[in-house]
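Read the structure below first, then the notes.
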Amino acid sequence: AEALENLKRVEFAPLRLLDRALRDPEILRCLDAREFEGFVAALVERLGFEDVVLTPRSGDDGRDVIATKRVHGLAILCAFECKRYAPNRRVGLGTARALLGTIMHGPTRAAKGVLVTTSSFTSGARRFILTEPSLDGKDFDGLVEWLKEYSDRGNTTT
């Protein structure tokens, strides 16, 4: 019985975290880096991405989560780089450029690189993301929008 309870706790922990974050997005800032990566993996899966993979803690080649989004039958491979930063530590241009290099020249090329952060982007990083078609970014406000989309899909467990 104890083993079954532990399995349930592990299996449903991401969904519980998604629901808690929906009620209070600030809890995302309290996660450690690996928990945040797992949160992003669970969230994108609930948003309709397929083949979601949380990469190993080290040796991830600059990609924390890899997932496929199907659009009109076409598979688009996306690589997510997760940065669980304090609100005053913004993601800079160098991080955006590194992700672009990773998706264009890494061992597994991706059509889209997505920077996801609990913080925000510097103006240089934001400009770069907006002008580079292979990149996208979700700052804290973007994460809140994703959580609303998750909720609107009726995915919550509460």
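Atoms considered below: every heavy atom in the structure, side chains included; atoms not considered: hydrogens, waters and symmetry mates.
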Is L22 reachable from F36 through a run of I, L, V, M, F, W or Y residues, each pair having side-chain heavy atoms under 4.5 Å apart?
-> yes
Can you find a pair of side-chain heavy atoms, one from L115 and one from L135, that are under 4.5 Å apart?
-> no
Answer yes or no: is there an ion pair linking R34 with E37, defined by an N-O contact shorter than 4.0 Å?
-> yes
List the steps and the verdict of salt bridge (Lys or Arg N to Asp or Glu O under 4.0 Å) for D139 and R90.
-> CA-CA 9 Å; D139 60 8; R90 299 184 304 162; over 6 Å; no
Is there a side-chain contact between W146 and R46 (heavy atoms, below 4.5 Å)?
-> no
With sequence neighbours left out, the residues meeting side chain to side chain donor-acceptor pair (under 3.5 Å) with K69 are none
side-chain contact (heavy atoms from CB on, under 4.5 Å) evaluation trace for I27 with L17 = CA-CA 9 Å; I27 67 163; L17 181 55; 3.6 Å; yes
Shared hydrophobic cluster, L99 / F49 (ILVMFWY, side-chain heavy atoms < 4.5 Å) | no
What are the two closest heavy atoms between G92 and A125, and how far apart are they?
-> C-CB, 3.5 Å
What heavy-atom pair brings I129 and A96 nearest, and what distance separates the two atoms?
-> CG1-CB, 4.3 Å
Pair F80-D64, side-chain contact (heavy atoms from CB on, under 4.5 Å): steps then yes or no = CA-CA 6 Å; F80 297 83; D64 299 313; 5.7 Å; no
Measuring from F39:CZ to R20:CZ, what's the distance to the nearest 0.5 Å?
-> 10.5 Å
Can you get from V116 to V91 by hopping between Ile, Leu, Val, Met, Phe, Trp and Tyr side chains that sit under 4.5 Å apart?
-> no
Interatomic distance, SG@C82 vs CG@L31, rounded to 0.5 Å, equals 11.0 Å
Compare all side-chain heavy atoms of F128 with those of L100 and state whether any distance is below 4.5 angstrom.
-> yes
To the nearest 0.5 Å, what is the distance between CG (L18) and OG (S151)?
-> 11.0 Å
CD1 of I66 to CD1 of I103, rounded to nearest 0.5 Å, is 11.5 Å
Check whether any side-chain N or O of T55 sits under 3.5 Å from a backbone N or O of R63 as a donor-acceptor pair, and report yes or no.
-> yes
Of the non-hydrogen atoms in R29 and P87, which two are nearest, and what is the gap between them?
-> NH1-CG, 3.1 Å
Applying side-chain contact (heavy atoms from CB on, under 4.5 Å), run through V71 and I76 and close with a yes or a no.
-> CA-CA 7 Å; V71 179; I76 300 169; 3.8 Å; yes
How many angstroms lie between atom CD of E35 and atom CZ of R84, to the nearest 0.5 angstrom?
-> 9.5 Å
Considering non-hydrogen atoms only, spot the tightest contact between A67 and V44 and give its length.
-> CB-CG2, 4.5 Å
About how many Å separate CZ of F121 and OG1 of T95, when rounded to the nearest 0.5 Å?
-> 9.5 Å
Taking every heavy atom of L47 against every heavy atom of Y150, the minimum-distance pair comes out as CD2-N, 3.6 Å
Could you please spell out the steps behind the side-chain contact (heavy atoms from CB on, under 4.5 Å) verdict for R89 and T118?
-> CA-CA 9 Å; R89 182 178 175 198; T118 53; over 6 Å; no
Return the minimal non-hydrogen interatomic distance between L147 and P25, and the atom names on each side.
-> CD1-CB, 4.5 Å
